[in-house]
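Before any comments, here is the structure.
All ligand and atom numbering here is 1-based and tracks the order in the structure.
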Amino acid sequence: MDGSQKPRNNEILPGERAELRNPSSSKQRFETLKNWETDKVQRDTLHLKACPVNVCDRAKCNGSVMNPSQMISDPRNESRSPEAIVQLATDFIDQYYESAKRFKSEAHLNRLHEVKQSIKGQGTFTLTEHELIFGAKTAWRNAPRCIGRIQWNKLQVFDCRHITSTAEMFEAICTHLKYATNKGNIRSCITFFPPRNEANGEFRVWNPQLIRYAGYRQLDGSVIGDPVNVEFTQICERLGWVGKGGRFDVLPLLLQANSKDPDMYEVPTNLVLEVDIKHPKFDWLEKMGLKWYAVPAVSNMLIDIGGIQFPACPFNGWFMGTEIGRDLCDTTRYNILEPLAKQMGLHTKNNSSLWKDKAVLELNISILHSFQSNNVTIMDHHAATESFMKHFSNELRLRGGCPGDWVWLVPPVSGSTTPIFHQEIFNYILNPTCYYQPDAWKLHTLKNRDQKVGKTKKIHFKELARSVLLASTMMTKAMAKRVKATIFYATETGKSLTYAKILREIFNHAFDAKIVAMDEYDIWLLEYESLVLVVTSTFGNGDPPENGETFAQALQDMGNGDNESSSKKFDSVNTVAPLQKRVSFHAKNTTANQDNTSEEQGILANVKFSVFGLGSRAYPNFCAFGHAIDTMLGDMKAERLLEIGEGDELSGQEDSFRHWAQNVFSAACDSFCLKEDVNIEIANASLSNTTYHPSNYRFKSVDIAAEENITGDLGKMHKKHLSSCRLIERINLQSAESKRSTILVKLDTNDSPLLDFEPGDHLGIYPCNQPELVDGLISKLEDAPAKDDVIQMETLKRKNTHLGIIENWEADVRLPPCSLRTALTRFLDITTPPTPQILSLLAECAQDENEKTKLKVLSEGSFAYEDWKFQSFPNFLEILEEFPSIKLSSSLLLSQLPFLQCRYYSISSSPNYHPGQIHCTVSVVSYTTKGGSGPVHHGVCSSYLNRIPAGEKISCFIRHASGFRLPKDPSTPCLLIGPGTGIAPFRSFWQQRIYETSSEAKVNGTMALLFGCRHPLHDHLYKKEVEEAKKLGVISHSYTAFSRSPHTPKTYVQHILENEISDFVFDSIHNRNGHFYVCGDVTMAADVNRAFKSVLVKNGMMKEDSDNYIRKMKSDNRYHEDIFGVTLRTSEVTDSVRKHVRKNSIKPL
Ligand SMILES: Cc1cc2nc3c(=O)[nH]c(=O)nc-3n(C[C@H](O)[C@H](O)[C@H](O)COP(=O)(O)OP(=O)(O)OC[C@H]3O[C@@H](n4cnc5c(N)ncnc54)[C@H](O)[C@@H]3O)c2cc1C
Ligand SMILES: NC(=O)c1ccc[n+]([C@@H]2O[C@H](COP(=O)([O-])OP(=O)(O)OC[C@H]3O[C@@H](n4cnc5c(N)ncnc54)[C@H](OP(=O)(O)O)[C@@H]3O)[C@@H](O)[C@H]2O)c1
Ligand SMILES: Cc1cc2nc3c(=O)[nH]c(=O)nc-3n(C[C@H](O)[C@H](O)[C@H](O)COP(=O)(O)O)c2cc1C
């Protein structure tokens, strides 16, 4: 057979098996497994990685031995050499990095070195939290006797390795039970207590399971309750526990910390979910008074992860019905089979009547029926075995094998009717491993005692027997905070970060919440997160903000299971998550109450998440990136706690955010069973509280030299590598007749390598605020320090210590040391209308009651705020003029104003044509507010660039736009569409082609420019340069749409595209595989998109296909957009969108 015929998935074709089993073909003997029902033969290679110790030995098979010695970890017989630990640790660390697809990476090698050093020095090492989670899941995956392993990746790990006392152990177990029980929708989880080592002493849970029923031995030798627990019950009694003597009394917990004597705790009754057993038809069965607990939580096993042993690590899944059937029927347990059969009227004398089978079957039916009708998770043995078979075949495909203990896996009833019965399975031990261990009381010698627990003699342990009944309310906040919440954000203008910080405030009331910028996160750690919250805006035209790009790409690769493609561009969101898909996806979305037994396993099966998207409905792809993240996480089977929240910049963004934040916090508390432990109202209040208070701030004078490097300071604040350019010259591109200005700004890069770029890239510029605004603002401050004195703001920090509250002044690191003038000129945004939160602070500072009331109304963020904001677009100085009674302190501005953000400009020059220079084409923004009746506002950055003298230093950086590039082959047709300043990047394109033509004598292809402006004599930008480029043959065609030319009808670029050059466009783009470029305003880009679709349809394409065609062009990198935002007719567009939003009552809430 040739290789191409070989089936995948380790499957062997008929005929091949004989060859493999042929003794003469030596090594591969017995490595195949046959399914006798389907005849499918598969090969197991994973066993080659098994521990050398095995369950069976040379002379005999130990397959049916309950506790083979190899599966028992007994500290009395074990002394591991450092070499043995190193070997186990190395193997485990290798597994971990292999799973993270970082095998042999620098991080892997460093970690190995660190681990080995630690073992050498201390005889042990500490697993990182992620390693612990990976180890726990893998131990479950490796457990040969467990039938429910398809869920192995969906395991919640509670890391309690830090705890030191039994009281903390008890709290942790309460949390575990609460989380696992989940009102009946059982979830798998594990709690790790400190590992075995000399420093820790031994931690053990003495109970075999967290919940089990007592067994009381009677004088006649009979037992009331569960006979399997007689010995443990007696120990509890000797420790002072007094059971009620019933059949189903939950045993107390006996917990041991630091090798000390155990303490005893009652399990709070509200944490024990039990199900009364009823039969769907036999009413009498209910009267037998049977019941069972819902959470099977094994607590006496030891888990070994890479040589680190955890003797106390209770874990749970959920029941398979037959397990409870055996607990009730086995003769060594409740032994109810015969009474049950008699009630059924069966003849119990004659085995061949199969009365046992009939009775056991009816009991199993009752168990399933009772659990199901009480909405408590349970599996029947057919579903369980089928899911195991699915897991088995997944594992052979993914891992080359799946260890299994056939004797345990075949259910105790109806064995041959289940598929496992017919499947050959190898049993072997892999590390990480679950081991049995000797009963804790057999290993422990009680301190200060002359007797050993477990001996039959009566022992009085009064002082030891601290039987504590603790209600679940005892679970402290510290306990709840064991669950980590990771808040990811991606932002362009800083709002998402502000919201992420507010979210952290509220989540810190119940979780251990931290904020992470998307681009600072290692995506392979995502599967180890428990709770993920995402706050992100959308930029471009449905694209991620810059600091979300790598995360999005990595997430996409992760979803594709593709680690090769990380170099690929992150496809536009339209490709990742087409709208239809998103909509239908939401329709089938499940919430916190999803079925936990679902077999659908994705890499993020254990992660709970919710997303909040910031955006603006002025853009066609509203919140598209937020939706893309939401879809990708959902597709990888992360559990959506709450539908995505959307915040529209044009209408109630902050309100929507608060609403979502409250709901997601509540859903998360619900999901992690923390609701009773958290005061939701107080937590919610943190959403509206700003923490500012003037007495918490003061200024300290600093040496003037501290303000030396503003570009460096800006770089640190914005986490960017900044450089500075000098202004060479500025040229107005509009004619003297025009009232507007568009300027060509030429900058000298001083050959900084940080400013290397390619045509299509952007320049990010950090501007200065207008000096008049800064001075005006300073003059209104109550307590302004001298405006050019360099100061450091300090904040009063309060810490709770055992000595009481300690106060300390600490430097406020938000701003570097600088003068007030510099802070307001370079670092802070004083022109964007303030958020409702800042208005609420201003309301506090207003002395006049009317002003206070008005500010309070505005600070509610409702329609009144929206109208005020979009009508007046007030800057901070104008607010102080509108509300003159505000007494404003400098610290409020310095601590609360958002950072002044950079502005982007599409670079208008080629680095080869103008080496050492960067040119920008800048439209100088100025507008009057209040529909033309208000004051004139000047755009911060464009007016800065229009103001500064030649030689001035400008703080800037390059933003690479890898999706906006000329095709490599210059003969590929290019259609460049850019009205107004949208022409900016195309100048770099034609300059680049001029350079290439002159230097490499390349043949030029089609390069058509479609430009639009108002008037042929006013704003026909670069007219002469375009004519020159045409003469050189670089631009093959140029078309201009005049919108305000006298004597000609108003024409836009899209009109020319659709009506005048339709055939040419179709031929260049479709027939000749050309590239389509659009640059400028987003509404224009949407109009051009529609016009292009119409061109496609005119030329014979179906309308439905035209959408897909453009989507495909985008993913093939042939349809390029460079979007500036809403720049054309700004107030008109935003007004109409807002009216539409209101009419349709989309927002605010
Ligand atoms: C990727 C990218 C590339 C860009 N390339 C270029 C380029 O090559 N050339 C270029 O000139 N610009 C370009 N821009 C736009 C540029 O970044 C700035 O947005 C622009 O220069 C305005 O900045 P500003 O600081 O002068 O104005 P700002 O102080 O930021 O003021 C602009 C804001 O004022 C408001 N506003 C504007 N007009 C009105 C109005 N009529 N009524 C009410 N409110 C109004 C709007 O909220 C607007 O966002 C680009 C933007 C992006 C994102
Ligand atoms: N962030 C910002 O707010 C920002 C950034 C940059 C520029 N601007 C503002 O934009 C204006 C100048 O910008 P500009 O030089 O790039 O362009 P512009 O000169 O205002 O417009 C270029 C051409 O595009 C036309 N046009 C308007 N709407 C269009 C649409 N939907 N589709 C196609 N064409 C359309 C215009 O026609 P008509 O005008 O005749 O309709 C004009 O002919 C200034 O007012 C400036 O303040 C604002
Ligand atoms: C150039 C530009 C492009 C934008 N593109 C989109 C978009 O495609 N979809 C959208 O919903 N919002 C878009 N927005 C709006 C932003 O998402 C919105 O302003 C958001 O509040 C910014 O949040 P941030 O400060 O966290 O980046 C765009 C804004 C700008 C300036």
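- Residue contacts with ligand 2 for Leu1128 involve side-chain atoms from C-beta outward but no N, CA, C or O (heavy atoms, distance under 4.0 Å).
- At a heavy-atom cutoff of 4.0 Å, ligand 2 is contacted by the backbone of Cys1013 but not by its side chain.
- Two residues are said to be in side-chain contact when any heavy atoms from C-beta on lie closer than 4.5 Å; Ile954 and Tyr944 meet this criterion.
- If you run side chain to side chain contact (heavy atoms under 4.5 Å, CB included) between Leu945 and each of Leu747, Leu727, Val922, only Val922 comes through.
- Closer than 4.0 angstrom to ligand 3 lie heavy atoms from Thr491, Glu492, Thr493, Gly494, Lys495, Ser496, Ser537, Thr538, Phe539, Gly540, Asn541, Gly542, Leu614, Gly615, Ser616, Tyr619, Asn621, Phe622, Cys623, Glu649, Gln653, Ile1123, Phe1124, Gly1125.
- Among Arg1014, Arg1044, Arg740, the one residue that satisfies the side-chain hydrogen bond (donor to acceptor under 3.5 Å, both in side chains) test with Asp1019 is Arg740.
- Under the 3.5 Å distance criterion, with hydrogens and angles disregarded, no donor-acceptor pair is assigned to the side chains of Glu866 and Ser651.
- Contact of the Leu1057 side chain with the Tyr1039 side chain is not registered, since no non-hydrogen atoms from C-beta on lie closer than 4.5 Å.
- When heavy-atom distances to ligand 1 are checked against 4.0 Å, the residues falling inside are His762, Phe873, Arg903, Tyr904, Tyr905, Ser906, Thr921, Val922, Ser923, Val925, Tyr927, Gly939, Val940, Cys941, Ser942, Thr981, Ala984, Asp1122, Ile1123, Phe1124, Thr1130, Ser1131, ordered by chain and number.
- One side chain, Asp1122 or His762, offers a donor N or O that lies under 3.5 Å from an acceptor on the other.
- Considering backbone and side-chain atoms alike, Tyr1052 places an N or O below 3.5 Å from some N or O of ligand 2.
- If you check each of Ser741, Ser1043, Ala1041 against atom 40 (O) of ligand 2, the one with the closest non-hydrogen atom is Ser1043.
- Ligand 2 has no N or O atom lying under 3.5 Å from any N or O atom of Thr1083, backbone or side chain.
- Residue Gly980 approaches ligand 2 through these ligand atoms, each under 4.0 Å from one of its heavy atoms: 14 (P), 15 (O), 16 (O), 17 (O), 22 (C).
- Nearest to atom 39 (O) of ligand 2 by heavy atom, out of His1015, His1018, Arg1129, Arg1044, is Arg1044.
- Contacts between Asp1087 and ligand 2, counted as non-hydrogen atom pairs separated by less than 4.0 Å, involve the side chain only.
- Counting the atoms of ligand 2 from 1 in the order shown, those under 4.0 Å from a heavy atom of Lys1050 are 38 (P), 40 (O), 41 (O).
- Two rings, from Tyr1077 and Phe989, have their centers less than 6.0 Å apart.
- Note on ligand 2: Arg903 sits outside its first shell, no heavy atom being nearer than 4.0 Å.
- Here atom 11 (C) of ligand 2 lies nearest to Ser923 when heavy atoms of Ser923, Gly1012, Gly1125 are compared.
- For the residue pair Tyr521 / Thr486, no side-chain donor-acceptor distance below 3.5 Å is found, with atom types taken as modelled.
- Atoms of ligand 2 found under 4.0 Å from any heavy atom of Gln1054, numbered from 1 in the order shown, are 30 (C), 32 (N), 33 (C).
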